[in-house]
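Computed over heavy atoms, backbone and side chain alike; hydrogens, waters and symmetry mates excluded. Every chain is numbered from 1 and lettered A, B, ... according to where its sequence line falls, protein lines coming before strand lines.
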Amino acid sequence: MSRGIKDKVAIVASSCTPFGEHWDRGTDDLLQQAAREALDQTTATPEAFWLGTAQSGMSGITLARPLGLEDKPVTRVENYCASGSEALRNAAYAVASGAYDVAMAIGVEKVKDSGYQGLNAFPIPGDGTGRTLTAAAMFSLVIPAYANRYGVSSDDMREALAHIASKNHANGAKNPRAQFRREMSTDQIKASPKVAGSLGVLDCAGVADGAAAAIVVRAEDATKYTDKPLYIKALSFVAGSGSGLTDPSYDYTHFPEVESSAKDAYAQAGVTDPRTAFAMAEVHDCFTPTELVLMEDLGFSERGTAYKEVLAGAFDLQGDLPINPDGGLKSFGHPVGATGLRMLFECWLQLRGEAPAERQITTNSPGRTLAMTQNLGGYPGEMVSFISIVGTQLA
Amino acid sequence: MRGILAAAGYIPYRRLQRSAIRDVMGSGGGKGTRSVASFDEDTTTMAVEAARNLGPLNARPGSLWFSTAEPAYLDKTNANAIHTALRLDEDVAAMDVGGAIRSGVGALKAALEGNGTILVVSSDMRTGLPTSADESQGGDGAAAALIGDGDVIAEYLGGASATREFLERWRTPGSTRSRTWEDRFGESMYAPLAEQAWNAALKAADVTEVDVLCVAGMHARSVGRVAKRLGTASTIDLSQTVGDTGTAQAMLQLASALETAEPNQIVALVSLADGADVLVFRTKTKATPKRCVEAQVSEAADIPYSRFLSWRGMVTPEPPNRPEPARVSAPAAERGSDWKFGFVDDDRPLADTQGTIVTFTVDRLAYSPSPPIVFAIVDFDGGGRFPMELTDVDPDSLKVGDRVEMTFRKLSTADGIHNYFWKAMPVR
């Protein structure tokens with residue numbers, strides 16, 4: 001468990017480019033846009049930079065070159081699909097340590113230059129015995145495992161997963177930055193061609209290009225730069241040991257790394273009842289069963305009950321706990337290194353009341369000033385999990 | 001007493017109905033089936049499976065000799081991968097015996113007439129152009145025999161050969177097809193050579209009667225004629241089920257004969273390949289391989305002709321739009337060779353351990369030489385779990401709780417490097 005940096009660091013700017021297949025724009029263009037839009041929001045001038053990208057560039061020069069940064073510390077970080085969150089975490093710690101007063105976290109991924117479907121990991125030389133499955137196939141293992149363990153009929157399971165995708169499509173349709181802006185009925189989602197196991201194409205996140213950024217400062221300086229800062233309440237990160245793949249007790253109905261990072265984050269922030277603590281949460285819905293299981297791993301639902309709450313609309317935009325009001329990975333799209341900071345951007349808009357009216361949540365009240373981002377990388381059994389909690393009020 | 005200490009065959013799970021060739025092409029084909037190596041098998045992997053079918057070896061081999069007409073590598077010795085997959089000691093020599101059909105029976109004969117304990121393995125994959133006789137009459141398979149002194153299951157009584165230079169069947173390196181001269185020319189060569197070797201072998205073995213006869217050879221007309229002429233009580237014929245497995249055929253027939261022949265019978269093996277070789281044995285006890293040839297002949301599943309053609313590289317379906325696997329790192333593979341080739345985890349031979357499917361999925365997006373990939377989480381008997389690709393499986397009939405056993409396969413090939421590792425398949 002960590003001590004955390006509750007209320008020591010504030011976010012004073014947050015930006016996000018549109019996500020999508022940006023055939024006409026490269027990594028440099030996306031970084032420049034995200035950085036510019038963040039810098040335009042505040043007079044704070046970053047002294048140090050952390051860039052999260054899984055495989056769109058190596059070293060800090062990937063950012064320093066397009067921004068024309070001279071004599072600045074620029075660090076590239078990578079932690080699977082949580083690379084953008086890793087940038088935020090490092091920038092926040094740099095400010096909390098006192099080393100810098102202002103730092104930028106930025107994430108980018110230029111996925112669509114590869115020419116392949118889905119996401120593809122950079123090959124590391126090895127003995128050739130490693131698993132070569134797609135992420136879709138690994139997460140598809142969750143569906144029968146969950147249904148078997150909790151006695152959920154395959155029809156109910158299918159309906160709950162389709163509801164998640166449909167909800168995220170409905171939210172994304174109200175988001176001008178989202179990759180997919182079309183509402184999708186659960187019937188359409190259920191009828192989509194199968195990719196792996198019973199996972200259809202429409203159960204999978206959009207694969208997109210994009211960038212997102214945030215500027216962090218010392219909490220005591222925050223109001224110098226913005227009248228509505230967000231304060232960092234918790235940053236937790238867990239890298240699993242990969243033992244789930246070879247652990248006979250692991251049953252693919254939960255993600256221990258997420259449970260562990262949630263516990264740490266709640267302790268840092270002082271959250272005791274997660275279901276009522278948050279005005280909203282952004283979670284890593286790379287595939288529909290992922291979002292389902294996350295509702296339980298994050299303590300929003302009791303074990304084995306999330307599918308019922310999903311079907312009851314508890315996590316819809318107008319539900320009691322809106323999940324992925326921006327459309328999530330599913331419909332906003334998933335530029336790997338940008339996703340964690342994209343999640344933060346939605347918290348920024350929603351908690352400040354700046355989301356477009358048609359998707360502005362109504363759960364933020366004096367009692368609910370917190371929002372969460374949950375960002376993971378890897379697969380069931382072999383996962384990294386990041387959680388941030390941000391809030392509008394200093395304790 | 002020198003002879004065969006153990007013998008076993010390996011026949012891949014898949015079959016091509018010969019009639020399917022005519023259905024598609026309008027000609028070719030014929031009656032019966034031929035065996036088909038899966039897309040993830042090659043002569044090296046089939047050789048491993050044949051040797052594994054021997055069961056635990058009752059004598060330690062000093063050498064491993066591998067013969068094939070379809071080597072996975074040239075220059076590099078293919079027997080090394082077999083050696084390591086079988087977890088043989090480092091002081092066991094491993095050698096390839098080169099390219100001709102005759103090399104299979106040749107290695108067997110050299111071992112029988114040599115010294116020490118020798119593991120002889122032969123494997124072959126036969127392909128021809130669509131509608132050709134080689135395509136329909138050929139087969140894929142492997143066989144293994146442990147040769148040595150002492151407690152043999154069949155004593156080697158003697159043998160003889162006859163050799164003459166003539167052009168009957170040939171293939172230039174790299175070609176996917178073999179060429180043959182007019183059928184009757186080969187027949188005019190093999191008939192007298194067979195008779196010459198046969199008479200000399202019976203004399204050398206000091207026998208006059210033979211109880212079980214195996215006649216192997218790619219020249220079907222001569223094989224039929226010689227078998228008829230030498231006519232004995234019992235012959236081993238795999239031509240209607242497996243097809244002719246080239247270099248492996250002689251030893252595969254012998255393995256089958258030794259599984260069925262009664263003790264104290266005379267078994268003669270006649271091989272017609274660029275000459276004639278005759279080996280004569282007296283059985284002591286029946287061979288008891290892990291899986292007998294007969295069971296492997298009967299437990300099989302058909303594949304469509306289209307899939308056969310794609311597995312043989314005769315047609316190339318559009319692959320998933322995903323990157324192909326990177327090549328294997330030579331140092332990484334060497335450091336992990338106990339794991340990669342031997343499938344040993346913490347001194348535990350998972351290769352010999354069965355398991356149960358905990359859950360599985362079908363990946364329609366991942367790259368595979370023959371999509372889709374069927375993938376399962378496998379819990380091993382006695383503890384331990386490993387996520388594994390399944391093979392020789394019908395995903396529609398697969399269930400959680402199904403039992404699986406391990407098989408040595410080729411996952412992919414990149415930069416000319418074959419990536420060998422283990423997969424799981426249903427226990428049959």
Practice item. Can you measure from CD1 (A/I143) to OG1 (B/T359) and round to the nearest 0.5 angstrom? Key: 10.0 Å
Point to revise | Contact origin within B/F360 toward chain A - heavy atom pairs under 4.5 Å | key: backbone
Review point. Does a sphere of radius 6.0 Å around CG in B/D346 hold more than 12 heavy atoms from other residues, nucleotides or ligands, not counting ones at 6.0 Å or beyond?
Key: no
Exercise for review: Select one option (side chain, backbone, both, neither) describing which atoms of A/P248 are under 4.5 Å from chain B's heavy atoms.
Suggested key: both
Exercise for review: Give, as side chain, backbone, both or neither, the part of B/P325 having an atom under 4.5 angstrom from any heavy atom of chain A.
Suggested key: neither
Point to revise | Leading residue by heavy atom contact count with chain B [cutoff under 4.5 Å; candidates A/I124, A/D247, A/N148, A/L199] | key: A/D247
Review point. Do B/V358 and A/Y252 touch side chain to side chain, with heavy atoms closer than 4.5 Å?
Key: no
Practice item. Look up atom CZ in B/F380 and atom OG1 in A/T246, then write down how far apart they are to the nearest 0.5 Å. Key: 11.5 Å
**Study point:** Contact summary for B/P387 and A/L245, nearest pair of heavy atoms
**Key:** CD-O, 3.6 Å
Exercise for review: Keeping the roles fixed (side chain from B/N419, backbone from A/G128), state whether a donor-acceptor pair exists under 3.5 Å.
Suggested key: yes
Exercise for review: Among the options A/G126, A/P193, A/S140, A/S198, pick out the one with the most heavy-atom pairs lying under 4.5 Å from chain B.
Suggested key: A/G126
Review point. Short question: side chain of A/T129, backbone of B/K340 - any donor-acceptor pair under 3.5 Å?
Key: no
Point to revise | Proximity breakdown for B/L411 and chain A, heavy-atom pairs closer than 4.5 Å | key: side chain
Practice item. Please say whether more than 12 non-hydrogen atoms of neighbouring residues, nucleotides or ligands are located less than 6.0 Å from CZ in B/R348. Key: yes
Point to revise | Backbone of A/T134 reached by a side-chain donor or acceptor of B/R322 within 3.5 Å | key: no
Exercise for review: Against chain A, label B/W339 side chain, backbone, both or neither, depending on which of its atoms sit under 4.5 Å from a heavy atom there.
Suggested key: side chain
Point to revise | Nearest heavy-atom neighbours spanning B/R364 and A/K194 | key: CD-O, 3.5 Å
Check your understanding: Taking atom CG of A/L133 and atom CG of B/D363, what is their separation to the nearest 0.5 Å?
Key -> 5.0 Å
Check your understanding: Can you tell me if CG on A/D24 sees more than 12 non-hydrogen neighbours from other groups inside 6.0 Å?
Key -> yes
Review point. Does CD in B/E405 sit with more than 12 non-hydrogen atoms of other residues, nucleotides or ligands closer than 6.0 Å?
Key: yes
Check your understanding: For B/R291, does the CZ atom sit with more than 12 other heavy atoms under 6.0 Å from it, leaving out its own atoms?
Key -> yes
